[in-house]
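As the structure is a prediction and not an experimental result, all values here were calculated from the model. Naming: A, B, ... by sequence-line order, numbering from 1 per chain. All values below come from the heavy atoms of this structure, side chains included, with hydrogens, waters and symmetry mates left out.
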Amino acid sequence: MELTTFVRGIISLLVVLGFAPLFAGLVNKLKAIFTGRLGAPVLQPYSDLKRLFRKETINANSSSFISVISPTINLVAVVIAAAMLPIGFERPLISFEGDIILFAYILGLARFFQILAAMDIGSSFEGMGASREAAFAVFAEPIFFFTLGSIAFISGLTSIYEIYHSIRLDNVTYIVFIIVCSISVFILAVTECSRMPVDDPKTHLELTMIHEVMILDNSGVDLFLYQYSSHIKLFIYAILETSFFYPFGIRSYTVAIVIFVVVITALSISLAIVETITSRFKMKSIPHYLLFATAIGILNLLIYTFTV
Amino acid sequence: MLEFSVLILFPLFCTGVCYLLKSIRTQYIISMFVSSFHLIFSLMIFIGWYEPNLPFFFSTDSLSKLFLLVISNVYFWVVLVSFSYLRRPALAKSEEGKRYYFLLLNFYLFANTAAILSNHFGMYWVAAEATTLSVAPLIYFYRNEEALEAMWKYLFLVSVGIAFAFIGILFLILASKGTILEGHQLFFSEFVKKAAVLNPVWLKASFIFIFVGLSTKIGIAPMHSGDVDATSNAPSPIAALMSGSLRITALLGVLRIFQIVSPTSTHEFAKTILVIGGLISLFVAFIYMFKVNNYKRLLAYSSVEHLGIIALGIGIGGIAFIGAMYHVIYNSLNKMVLFFTAGNIHRKFKTREVSGVTSVLNILPLTGWMFLLSFFAISAIPPFGIFFSELMIFQGMLFSDKPWILFITMFLLLFIFINMGKTIFQMLYSKNENEEILLEKEKFEIIHFATIVILILLIAIAVISPEILRDNILNISKDFGIKL
Amino acid sequence: MVFIQSCSHSIIQLMIGNFSVLASLGYKLIKNIMQNVLSILFCLSLFYLSVTSRVKAYVTVLQFQGVLLTVLLVFPFIGHFSIYALILPATLFFVKVILIPKYIKKIILDLDIKRTIEPTIQQITFLLIIIFSMTIIFIISNVLSKSTDIETIPFASGFTAIAVGIFVIIYRKKLIVHVAGFLVLENGIFLFGTAVASELPMMIEIGVLLDVFVVVFLMGIAINKISSTLSGFDVTALGRLKD
Amino acid sequence: MDLLFYALVVQIASIIVIASVRNNHKASAAAHLLLTAGLVLGLSSSFPALVFSNSSSLNFSSLLNPANIFRFDSLGLFFLNIIQLVAIPTTIYSHSYLRHYIDEGKSVTSNFIFFVLMIVSTQVVVIANHAILFLICWEVMSTTAYLGILFEKEKRDVQTGSFYYLAVSHVAVFLLYIFFFLLHQQTNSWLMSDFHNLQNTGSLFILLYTLGLTAFGIKSGFMPFHFWLPRAHPIAPTIFSAFLSGIIIKMGIYGIFRTYQFFNYAPEWLGWLVLGISLISAIFGVWYALAQHDIKRLLAYHSVENIGIIGIGIGVGFIGSAYNSLPIQILGFGGALLHTLNHAIFKTLLFIGSGVIYQNLGTRNIESMGGLVHRSRYFFILFLIGSIAISGLPPFNGFISEFIIFNGFFTTAKELKNYYPLLMIISAVGLAFVGGLAVACFTKINSIMFLGTERKEIKKFHISNYEYLSLSILAFFCVLIGVYPQPFIGIVNKVLNNGFVTANHSSELLNINWLFISIIFIALLAAIILIFFLKRLIQKKYGKRISAPWGCGYEGLNYRMQYTASSYADELNEIPKSILVYHKKVQSPKGIFPAKGSFESHSVDLIDSKILLPAFRSMSKLICRIKFLSYTDIRYYIAFILITITIYSVIAFLWN
């Protein structure tokens, strides 16, 4: 790997890490506006993180070392996943044949430890969240393979960077395919990042939460790490979504930045709209929702395979 | 004359001696002496160190050499364990039986040897009937109702059956009418040489009658009942004797007629009949195994099964025939172990009901393990011999013109194994709830020694696979006109 | 009864037929005639056996059959008499006419067995079965005799006796009658054997006789024991051994 | 290779030691030492043989190998290495395991003998060249394993479970008889080295292939033949269940590889069949596992899952073979082989771990465990490594093999185009789904068993050094293969080149950049440690304390308020309810002053309880009704003679 590529990869990664909370803030702000509130400033997530960083850490007395290392592993895993994403047309820091699998599985590692950490407390609230997380994640992974994976299978490429580069927006069927794929990714993002309608990040009722309830007993730096990694995760999915619409043929920074900003904004708007107009599903019907998304994926795939 | 006197006259003489002697110990010693001599001689004849030249209606060939060794071996072990068996306290009723025990055994040996070495169908018939007669009182050893009933049934059924075999022999004479064989007085060796001239109609009839008649003694279904009753109610050494050698003696008769039939046009028919008999036997064992409640009966049915397999092997021919010959050896060894150990179990638990036997492995560890191992052996699990012989039989079946037989056989054997295993394992493992069973340590007796040696023998013969044995069996198959 | 008549008529026809054909053959002819006559007598004894309901009649029939067989054996030696040749008939006579019937009688007396045989089916049905099988056997024998040189009548009579023996065992309950049935069967085989040829060496024949005697002897002991321990003389007492 | 022979002799010698020495503890120690030495010796001869030398030159000296009954090819050596590698830690564990029983006064001699015989016969199975020798060792292996399972034979479920195993082995070996007979007939040889290029056997081809695959498939526990695993594994003593799950079911995989090798070709439909069955095995294996509460039973179902994953690899390889595509074959078979190794390692680790727990707590029910992490943190870490590895998560070994299999999917799609991408996506999704379920399942057992607070009072929790040692060895390999897979990939490559694909030796496992993965994983571990210490520093600055967990304001939290395994998995198990035969017993609290509520869930095996047992029962009911041939009256006996003679005569009459 050449040094410049490496440096550029690092820069891409830093962009992701830096802008992740901003995206969350943007979504929250938009959502507030849509609901007629003023809302917190866009940069509020940064302040929140800063506040958490300085707080005292409290661990539950029944917890073990899992609670201690889990936030760390979570962050590292998410960051490594982020390092595989192409920002613009740059080759990401980690890019090799088959990194799409690593991408999925490394997020799985993060989830594994998050669930363990939740169960570590020995409280039924965290257990509830962990159970739900485990159940929904089971369905989320197939969606991933039906969307990004399907492009990989069709193009025969196994590196995320190359997969995105293979997207050609000059074929009508392909465009339809990509659009439906992006819908799937959107659903995936909603699930994985615990947004509405799967989960309500702003609720205050423990019984109805998924992600938030899992970190109920974390505070201070631990909570900081969790929150930060969940911001990054949301941003990762945002980038996955963005990259569908990215004309990789054009290698110009200006265009890249403009498109990036535009698409990200559009995405945050749509996310905010969805969060505004829908209410949270019943827990029991979430698997159906996910299966629905899977079905879309299969249908999409069938259309593509038999028309192109 | 030496061989004749050692093999035939000596046992007969000792029968008389045993009648005169009162002490069971002396009788035992004499019988041991006779049996070891017999065994040594059979072995010598088998190996070929001694070329026998028998008078009258007797002669030897590869088949009788092999069978002689088998029955002699079985007899030796049975006599060996008999004394310790007779000394067991629980036999108050059978004082009378003890008195005639060795006498009858000696007579049995005499009759059995005569049957196996006979070169004449008439002689064979007389001797075979004599074995029935010597065994019948031994079945009644326990002097209880079941034993009496078993003895009656066995005696009656086998007598009728063997009468039918006699008819078969007469048919054989008819078959030779008007041919050069007429007047040759039913010598096997003559018949075998010129079998092709025999009248096929009578030959078929002869085969049917001899096969069905002797089936009562071999235990081929559906004539197995008397045999099963007797084997399951006789004392275990006698049961071992019946399963291990008496059935083999009867099988010899069928083999003789089969050998005569081999070069003729009736051959295929005889093979079919044997296959049918074998399959029915397997099927009967298969049915019984679903409703076992008496473990000695289980073993008796297992004998039916294995004699059925042997009949199948003979009927299929080719390599299956060779497998069947091996199976004869292994089965007789294996059945001894099974019956000896079953006898130990019976002594401890005083019941033949499966439900009354529990936790054998804990109560009688040595017997239990031997029983388990011999069950594995009889289920054709290597390295025990039956594995090899069954393998050959299976192979023969698969490459015969009727491969479907193999699938039927395997299906039946599989369920026999499953159900037999279920029963035996229940006996071996289930928790002991019977308070009356004393938990004393099992003593090492001569019967344990015998079982261990036989099991080792069972492995050793299979694994070492002596050249001499193989040559002998190949000779037999050559005598039967089998091309490999 | 009409059926029996017609049947016996045909048998006599057959016999006479043989008679006329073999008329010129001297000794062999006489032997043949005698053989046939004795066989017919044998068959008649079988009929008697099937209709009688007394146990003692069985013994008498056995004795009678024994005499017939002895005569049959002695007959060939009329021309060239020798003591040696008489050993077998003498033994036969001793065993089948004296020893065994006496022994059975003794058992009957000792055990005080009821005199009737307690059949399981009607006598007439039994007779019909026997006649039916007899007819079949005769027809088959006649067919077979065309291809092989066998004496049809002794052959068929012997075989009928075997069948009757089996049927007696199958359709009667008393154990002692079973023994009698077995002996009828043995007699049948013997008759049949003489029909086939006297191929068997004498030693063997005597061995066979001895065997039969010992079998009967053992059966007698067994019946004794059964009546004392199981208190019964018939098969219903023997039902302990089940699968 | 004579060294291997001596190694086997040394292993067998341990039997003599344990049988002859009177003092139980000393005898056991000496015998285990000897066995371990024998295994190490064996490994030291078989490992260089696999890695360094050309397998065609390997052999016993001719005295030990009459008529070539043994052979050492790469495939056999690969499995031999796996066996020895896994047997060593198992033996080490066995020492401390059996010591407990010796302390209780139970005789362990026979059990140890079976253990040794099982290990030795398994080793001979993979080097046997003569088909009959193979069958003998195969049966000895099955039988000794059976006898070993019977350790606690008084228990009812032990009897049934072990018997299931025995019966199923018997079925498998019957099929193998036919299989080898036919092969013998085709090639006129009993040597496996002569069984090759059998694709021209015409109509026998399909029969042979199905026979071989079914027989070995039964042994390895593919669905629907998996039912014996969850019966047999839980009840076996730990050393046996570890070996059963780790090695013996792999012998089925060995057989499947051999079968393929005999033909050196697989038709496409077979590839799809294997792939389909394997996917079903994998998905439902893990789903069944999720519904279990018995830790060993759960692990047994996970064996079904992993066998399924191996089978997926094999299926992909078959498809590659059908299209004669080298990369697909390498990835498919390579993934399967590597996963075989991996699964042997982590499944043994997990089974030994579960055995340690069982020995300390006396229960296998995970619902009554909890909080074990506070008893022994290192033990939990080792168990956790195994769990992560088996879930296929990076950076441990399970990921590597699944990664290769995924790549196999991609490559198949790329190479074969047409409708393949679609089918491959479905397979990939299936595998991803399995991964997701495995994560759910292993988070379940780890958290219920180790985390939270103790559900039942634990009297003692002691883990001996031997147990730590054996677990550590296995965990070490989990990490090693995960972080530094190159050498292992190289070995797999060699095996493939020497027996499967006729490619040149340079064909690496394609263009996967293993070094990259190593770097990432090392970076991952390094970053975790780094951030962990950074966090420590920060916490030092801003403070850290311990407090009671949040209970929604409720202060009286206790151990009974923890989430249970049943509740944890309920949501997922609800979905395939009928297949899992998933029953729930819910007693919800009602009223103003609610009484005690409860929730229980059970799952039984569909094949076992709904098909097999009822079929067997109705069959035996039917057969017990047959009264024919079992009369007690002697008159019937006599009548049978007559009837039989008549029937035979009729046959004779009709005979031409």
Which bit of [X] comes within less than 4.5 Å of chain D, counting heavy atoms only: side chain, backbone, both or neither?
X	answer
Ile73(A)	both
Asp217(A)	side chain
Ala137(A)	neither
Ala130(A)	both
Ser219(A)	neither
Phe112(A)	both

*Enter the distance from Lys55(A):NZ to Tyr542(D):OH here, rounded to the nearest 0.5 Å.*
12.5 Å
*For Ser447(D), which residues count as a side-chain hydrogen bond (donor to acceptor under 3.5 Å, both in side chains) partner, sequence neighbours excluded?*
none
*By side-chain hydrogen bond (donor to acceptor under 3.5 Å, both in side chains), which residues pair with Ser159(A), not counting sequence neighbours?*
Ser95(A), Asp99(A)
_Which of Leu384(D), Ile519(D), Thr453(D) touches chain A most, by non-hydrogen pairs under 4.5 Å_ = Leu384(D)
*Assign the ring pair Phe96(A) / Phe403(D) to parallel, tilted or perpendicular, where the plane angle (0 to 90°) is split at 30° and 60°.*
tilted
*Check the angle between the aromatic planes of Phe406(D) and Phe145(A) and answer parallel, tilted or perpendicular using the 30° and 60° thresholds.*
parallel
*Give a yes or no on whether the backbone of Gly220(A) and the side-chain of Lys544(D) come within a donor-acceptor separation of less than 3.5 Å.*
no
*Evaluation steps, side chain to side chain contact (heavy atoms under 4.5 Å, CB included), between Phe125(A) and Tyr563(D)*: CA-CA 8 Å; Phe125(A) 297 121; Tyr563(D) 231 55; over 6 Å; no
